[in-house]
> 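Please find one structure pasted underneath; my questions will follow.
Because the structure is predicted, anything quoted here is derived from the model rather than measured. A note on names: the letters A, B, ... follow the listed sequences, proteins ahead of strands, and every chain is numbered from 1.
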Amino acid sequence: MQAVAGVSLAVGKGETLGLVGESGCGKSTLARLALKLVDVTDGRVRFDGVDVTGLTGRRMLPIRRRLQAVFQDPLASLNARMTIAEVMREPFDTHGVKLGAGLEARIRELLSFVGLENIDIQKLPGQFSGGQLQRIAIVRALALEPEIIVADEPTSALDPSIQAQIVNLMLQIQRKRGISYLIISHDLDVIGHVADRIAVMYLGTIIEQGTADEIMQRPLHPYTQALLSAAPTLAARRQVGWKRIMLSGDPPNPADVPSGCRFHPRCHLARDICRTNVPPLRAMPGTGQMVACHLAPDETARAGAEVGRDRRGLPLAG
Amino acid sequence: MILSVRDFAIGFQREGQNLVAVDGISFDVEAGETFVIIGESGSGKSLTGMSIAGLQPPTAFVSGSIRFKDREMLNRPDAELRKLRGPEIGLIYQDPLSSLNPVWPVGDQIAETLTAHGLADRAEANKRAVEMLERVRIPDPRRVASAYPHEISGGMRQRAMIAMALAANPSLLIADEPTTALDVTIKAQILELLADLKRELALTIILITHDMGVVAEVADRILVLYAGRIAEIGPADSIMLQPSHPYTAALMTSAMISQTPAKQELNAIVGGAPGLGAFPAGCRFHPRCPRAQDDCNTVEPPRRKFGAVELACHHPIEVAMSLQVARS
Amino acid sequence: MIAFLFKRLVWGLLVLIAVAVITFFLSRVVPADPAAFLAGQNASEETVQRIRAEHGLDRPLPEQFASYMIGLAKGDLGQSIRTRRSVSTDLKQYLPATLELLTFSFVLYLAISFSLAVLAARHPGGTVDGTIRLITMIGTGIPVFWLGMTLQFFFFYKLHWLPLGARFPIRETVPPVVSGFLLIDSLLAGSLSAFLASLKHLTLPAATIVVNLLAVGTRLSRAALIQEQSRLYVRTARGKGLSPNRILFKHILRNALSPILTATTMQFGYMISWVILVEVIFDWPGIGLYAYQSFQVFDYSPVIALAIVSTAGFVIINLVMDLLYPVIDPRVQSVGS
Amino acid sequence: DDASTFVYADAGEPSTIDPAKANVNWEFTVTRNIYDRLIDFDLADPSKLLPALATEWTQDGKVWTFKLRDGVTFHDGSPFDATDVKATLDRLLKIGQGQSYLVDDIASVTVVDPMTVKIETKQPTVFLASNLSRIEMLSHVDIDKHKDDQGQAWFNENANGTGPYEFVSWTRGTQIELKRNDKWWGKFPEKPFDRVLDRFVTDGANRARGLEGGEFDLANFVPLDEALRIGTSSGFHMVEGNNLWAWPAIYLNMDLAPTNNKDFRDALVKAFDYNAMVQSFQGKAEVGRGPIPAWFPGSPEKEEPEIKTDLDAAKAALAKSGLANAKMKCSVPAGFPEFRFAATVLQSSAQQLGVTVEIEEQPFVEAITAIKSDKSNCFVLGNANLSPSDATKFFSAHYLKGGFYNSGKFFDQTLQDLVAKLPTIADATERGKLLKQAADIVVDSHYVIWTARPKTVVPEPDRIGGYRIDPAEYINARFWEMYSK
Amino acid sequence: MSISTQPARWTITRPKGVLLPLALLVLAILAAFTLLPGVIAPHDPIALAMADRLKPPSLTHIFGTDEGGRDVFSRIVYGTRYSLGVAIAIVFASALFGVIYGAISGMARRGIDNLMMRIVDLFFGFPALVLALAVAASIGRGLDSVALSLAIIWWPGYARLVRGEVLRLRERPHVEAARALGVSEMTILRRHIIPFVVQEVNVRVTTDIGYALVAVTALSFLGLGANSPTPEWGLLIRDSRPYFGSAWWYLVFPGTMIMLTATAFSLIGDALASRRAA
Ligand SMILES: Nc1ncnc2c1ncn2[C@@H]1O[C@H](COP(=O)(O)OP(=O)(O)OP(=O)(O)O)[C@@H](O)[C@H]1O
Ligand SMILES: Nc1ncnc2c1ncn2[C@@H]1O[C@H](COP(=O)(O)OP(=O)(O)OP(=O)(O)O)[C@@H](O)[C@H]1O
Ligand SMILES: [Mg+2]
Ligand SMILES: [Mg+2]
């Protein structure tokens, strides 16, 4: 079974790439590929121009230092039996950074960055709240001053009010350090808010890619449109006569990939060519937006613009 | 009025200490409305919802009164409560996969709601199960009825759950985060389905969620819980569009990311929700509240009417400025 | 499916061969000479030599091993020196007694541990649960042999309720052998009294085996039941207004079956060991007693045969369980996949 | 028919019921009730022989002539005659196992006429008749029928004798069933048992429990404490008697240090706490002085010096050996509490000398192999002889070269010669003198510690009678003498 | 307003409340028996005293005497270090080996893991008692051979347990996080996996000591274990067999001792397990 197939993605320096898609479409797998936690069957992983596909163990270590990760469930992703102090020093130990007596101060400094300067670092993770832990996880990823952070659903497990905290924190970090992000989420709002560019995945492939504005305001792939339209928002409440594009059917099974366009069985525009020919990811004329749809942009542009408008809703006062 | 909750409290004993999770809340639910309970994790939403159906944890102690169709539900013997669950009150939950018995076909589980209450014999119940599946818009109800839960998709499962809850024609449906585990596209389907069913069957729905998008879409009235207390209660439009309680206002932010210019700081509440047994004195929200003043630290705000809503806050946001407040 | 069965059978075969090899060599490290013992105290050296040759004991060990394994491949388990018959013939005679005891104990074990677990799991942490847990824990702590003797003392010696040992009342005629299981044979012969008599004889040995296994079994079953109780589908069932009994028997039990089954498979291994002890204590004419007595005179073949038979039993039980899982739990796709 | 069934709990399951191979007590129990011997002996006075299948017998140098009983038939109906005697003895000698050592002096057997048989021995042998009292007669028809393997396979699990009981069935692991032979030539008591069940009950405690609880009518090898308690309880009486077993005897390895040192062995013999043994037998035992019990025909025991615990003498002997603080290992055949206890007593006695004894209890074959292969210094066993009056048989298995029970590998040429010569000497006094000489050799060598010579104690339920102890078989059961009251 | 106090049932009788201290007391007594037998036992456990043969319990001999007049209580006290000592040794050795083996198997590549688990399966299928018979036959009777044969059949349980845990833990996000950080596999095993495994193993070890004790004494009872006059508990029971009807105390006390000990360990293991669960 192929969880992810034929995907090419690039994250630029200081840029945030957002990756969205339905559950099981291969987002996490892609993240794990990027982090080299699973081996690629075919293809290349390049970091700063260097091919790191075949690197393992010690040879991968220098790369890892510049490439860090944040995961979904902060409690689960911290070792429950290590104190926060131990958790925090692990990156330094692992990469042979000897700070000696300065270690504690450095940890404090890092923690203060996320507003946790007053916590007792001898406590175990179980004694902190989810929001605190996610901040610890983020600051731990920052400890070695990486160039890119891969964050797999960093806010999904958190309460709405906490989600906003984390989003703010990540934005703040990027502003201060010029770090790159690969952020994965199924929450379109979050992605739309933080990302410079967005890639939309469906069943293991990228079906649309472009700047955040492009994707959020003028999605060209019918799937992206449905996705955006489906997510209930406050905006919907304010609009009279709003109608969402409903997808029929269920998310497909990655073990049984449809022929032609992978989305065709659920697509209301689908026609013969969609059933037989795999649509390539094509650049749309005049923009950097890439769409894998036979019918884009001619037959999808209008619906896209509507969806984008509906979603923004009425502009807020001020 | 189908349901009336008065001074309802529920708590637990832990190491000899009484920990009150929900502390004296009162509200009414009118027949035919969609009543939504929102609040952060641990605020007591599920405990309240479950207690309405008499399903509070066996270790909990309760006080107050919950009257459903003029019948007291608290301290009613389980045998009598059981008669109500199914024919009077239907329940659906998050995570339909685990909520269905993995070893029985879906149809049998739906039919059981009827047979267990003696409402139909087996054959009839099976027939009705298929009908119910059809009613929840399952395309091939006969096949799904004989399928095991793991053999159908997540959306189908949640539909089957709904079919099961509604099989015996209850008038009240309590839905505890029915869409949380679902994908966006499926979530939309389920929400539309619930809205349709409500209309078709004249249901009253109590929906528990912390997804503001969902709330925005379906709520008639909203109850905002914070740390086991009512923060605000009132018509959905007022609460969503003109939140008066600082907590509600902050909560709405998450539903407004798309309205916030990209990369701009969101209006976040500082800190995290207090855990059970660690509720602050005075207004329970005061440590996180941007508007908190001295009285908030000590005096518990009484519940009072404020415009279209009722709330418990010493310094509510004036209606006219509420949205700006929420944004800044 | 077929491929899976085939793989399992091949593996089972390998296990059997390994077991045969290990037991063969282990049991022959000591140069004990059963031939001299057989020949009698005053037999001449030539006679002893002749007997040795008859049993192939004079040949070098690798050669003996080779011929044993060749025999084994043909289904020949060798000769017993003690009974002077082929081990296969002996097994035919002794195996039914053991199987009957095992089966009976197994059923008893399942029934009791299951009922206790159900009782305990109804109110986890309650008085009944605590009492059952304590009793079963003590049960596990009781040495099997000691329990056997103690039961004999009370139920035979003091109370005269149950027989001392053996399979059937001494002075009565055993019903004609059909299945080898006296319980079945006596029913086939239409004799209720014979059935009851065999049941009485089975009681103490089976109880001895079961008491010791019960603790682990009950504990695992209870844990499985309690774990199932906290599953979300139970909440759903309660939401449907089902009664606790219905929830337990219709929903929880079936789900708890798989883990219970797994635990049971493990228990079966212990059961085989305890059976040997119990057969010795209760003069139960099964393969345990047979092998134990043969071991006493360094008659190796029966010991190896016991190892092979019980391992085969274990392999088969495992296979049966594997085939059962998909039946019990539809989520487990048919085995192997 | 409960009353007419006799249930006997025997200590083990026979390995064979072939009289030519029967070796152990629980095999004899079966064979001797199915088969008859040519001659019987008086249990009260083993030197007195009684007619059985032979009615008269005479010795003339190397030639013995036996007149056979008329009208005797086998259980299958075929008549018994001289051909059967010849076939039986020829077969026995050819197989060379079991009891054949008792008659290995035989050179040839000749059928004179159907009722007369002539046996020629290699040398004049006074004990042939008494030794024949242990040899059971088979039918030549059966032997001929299974010619190729001397009928070994057939006789292992089938039987056709002339004796008081007929073989019915053998349920492996459980019992052998016999039924009374109405046509037997001998006399049954008033209310004999029509059916005998010989149960195999390997566990001594179970035999005791079953006897006491009424499951069994009689039991073999009941542990002594239990036997005494049961025998004195109501509903039971005790049958006591002598037996030929010096039980237990500790054999010391003559080849392995430190027991290869004679003074060291002497020290052990003198240090041994005989009293403890007698106490453990609750007084139902005496201390032996040599290999042959005092009551045995011609025993020189009374003239032997008494053996007593003498710690000072023991210490002196040990000093002489120069083996202070020696360590030794003792192999004990498992399953006999008395054996283990004897070893324990040796251990505690030796400790007083500063000698360490390590005990290892093992299955019989393993234990005897251990000492024979010099992995152990001592071995505990009874010293047995199945002949009612031939004292030389005490020596053959235990003290002569190659004897199976000669586990400590004792060898003395003079003893070898004496034992070979003894049967040829017709004069009893002369034989007595030589016998004493032979016994002295063994005693003086300190090869064996005769820890005790217990009496046989058998509890018999009051509801039955007729049980007599056969001294040669420790405990046996002559089912044909048993009756219910 | 009505107040329900449904949960009262929960707080009343939880047997653990009383039993755990009792179990710990038994443990303390056993420790004393093991460490200071000479101080506790009133009599010599080995020396014969025929005058006191098979005396019922009395003030001088609280558990009576055996066939050599030895004090059964003293023999039990001295026997603790043999019976319990061997049981503990078996479990510890098995646990140590099993943990190492299971951890390696759990971390290894699929092929190696498969092979290693097949080997474990092999030992699982092996009937314990038969193996013990064979081992006793080959290296001789004694507690060492009992220990060896039981350890041989015991370790696979730990190996399987540990492997399962390692496989489970290996997929846990915190391990994934450590891996992303670049922590080496060895360190991951040591720091992020083993500490969690040990917790499981602790519970198992405690409970297993009781089972091992029963197994050790069973083998001794069959004559495969300790030799006379070692006062090993199973051997005491074996020795008591011929005096079954005449000296009940000789059978009853050693058996009770085994039972008490095993139950105490089970109780403690249970307490550990529930503490872990909490
Ligand atoms: N270790 C694995 N073994 C087998 N299948 C896997 C494995 N990991 C992922 N998959 C499968 O690959 C597909 C993509 O999984 P992935 O976790 O990448 O999805 P996702 O988009 O992150 O989903 P979610 O939103 O639920 O996290 C899924 O169908 C999943 O079942
Ligand atoms: N059985 C129980 N025993 C002890 N405490 C409980 C129990 N059930 C719930 N609680 C506690 O009561 C509080 C409220 O729980 P509840 O489940 O109602 O929260 P919720 O608002 O539904 O949260 P979530 O959004 O996480 O579902 C929580 O602090 C919870 O820990
Ligand atoms: Mg994912
Ligand atoms: Mg909840």
> For A:V167, is it the side chain, the backbone, both or neither that has a heavy atom under 4.5 Å from a heavy atom of chain B?
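Answer is side chain: those atoms of A:V167 sit under 4.5 Å from chain B.
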> So which part of B:K187 gets closer than 4.5 Å to some heavy atom of chain A, the side chain, the backbone, both or neither?
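Side chain only.
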> Under the side chain to side chain contact (heavy atoms under 4.5 Å, CB included) rule, what do A:Q163 and B:L266 come out as? Steps first, then yes or no, please.
CA-CA 10 Å; A:Q163 263 180 24; B:L266 299 168; over 6 Å; no
> Is the shortest side-chain heavy-atom distance between A:D159 and B:H210 below 4.5 Å?
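A side-chain contact under 4.5 Å exists here.
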> Show the nearest heavy-atom pair for residues A:H186 and B:V184, with the distance to one decimal.
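For A:H186 and B:V184, the tightest heavy-atom pair comes out as O-CG2, 3.8 Å.
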> On a heavy-atom basis, which atom in B:Q264 and which in A:L171 lie closest, and how many Å separate them?
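Looking at all heavy atoms of both residues, the shortest contact is O-CD1, 4.0 Å.
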> Against chain B, label A:N168 side chain, backbone, both or neither, depending on which of its atoms sit under 4.5 Å from a heavy atom there.
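Both parts, heavy atoms under 4.5 Å.
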> How about A:R266: does its CZ atom have over 12 heavy atoms from other parts shown lying under 6.0 Å from it?
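Counting neighbours around CZ of A:R266, more than 12 heavy atoms of other residues, nucleotides or ligands fall under 6.0 Å, so yes.
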> Look only at the side chain of B:D183 and the backbone of A:S23, and say whether a donor-acceptor pair between them is shorter than 3.5 Å.
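Present.
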> Among A:L158, A:I166, A:D196, which residue forms the greatest number of heavy-atom pairs with chain B at distances under 4.5 Å?
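Going by pairs under 4.5 Å, I would pick A:D196.
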> What's the shortest heavy-atom distance between A:Q165 and B:V270, and which atoms?
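Looking at all heavy atoms of both residues, the shortest contact is NE2-C, 3.5 Å.
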> With chain A, which of B:G154, B:S153, B:G275 has the greatest number of heavy-atom pairs at distances under 4.5 Å?
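Most heavy-atom pairs under 4.5 Å with chain A: B:S153.
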> How would you list, by chain and number, every residue that makes a ring pair (Phe, Tyr, Trp, His ring centres under 6.0 Å) with B:F35, sequence neighbours excluded?
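Only B:F27 meet the ring pair (Phe, Tyr, Trp, His ring centres under 6.0 Å) criterion with B:F35.
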> Under 4.5 Å from any heavy atom of chain A, what part of B:L191 do you find: side chain, backbone, both or neither?
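Side chain only.
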> By a 4.5 Å heavy-atom criterion (distance strictly below it), what part of A:Q174 contacts chain B: side chain, backbone, both, or neither?
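The side chain, not the backbone.
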> For A:A230 versus B:A188, what's the shortest heavy-atom pair and its separation?
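For A:A230 versus B:A188, the nearest heavy atoms are O-CB, 3.6 Å.
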> Would you say A:R175 has more than 12 foreign heavy atoms packed within less than 6.0 Å of its CZ?
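Result for CZ/A:R175: enclosed.
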> Which heavy-atom pair separates B:T185 from A:L247 by the least distance, and what is that distance?
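Between these two residues, the closest heavy atoms are CG2-CD1, 3.5 Å.
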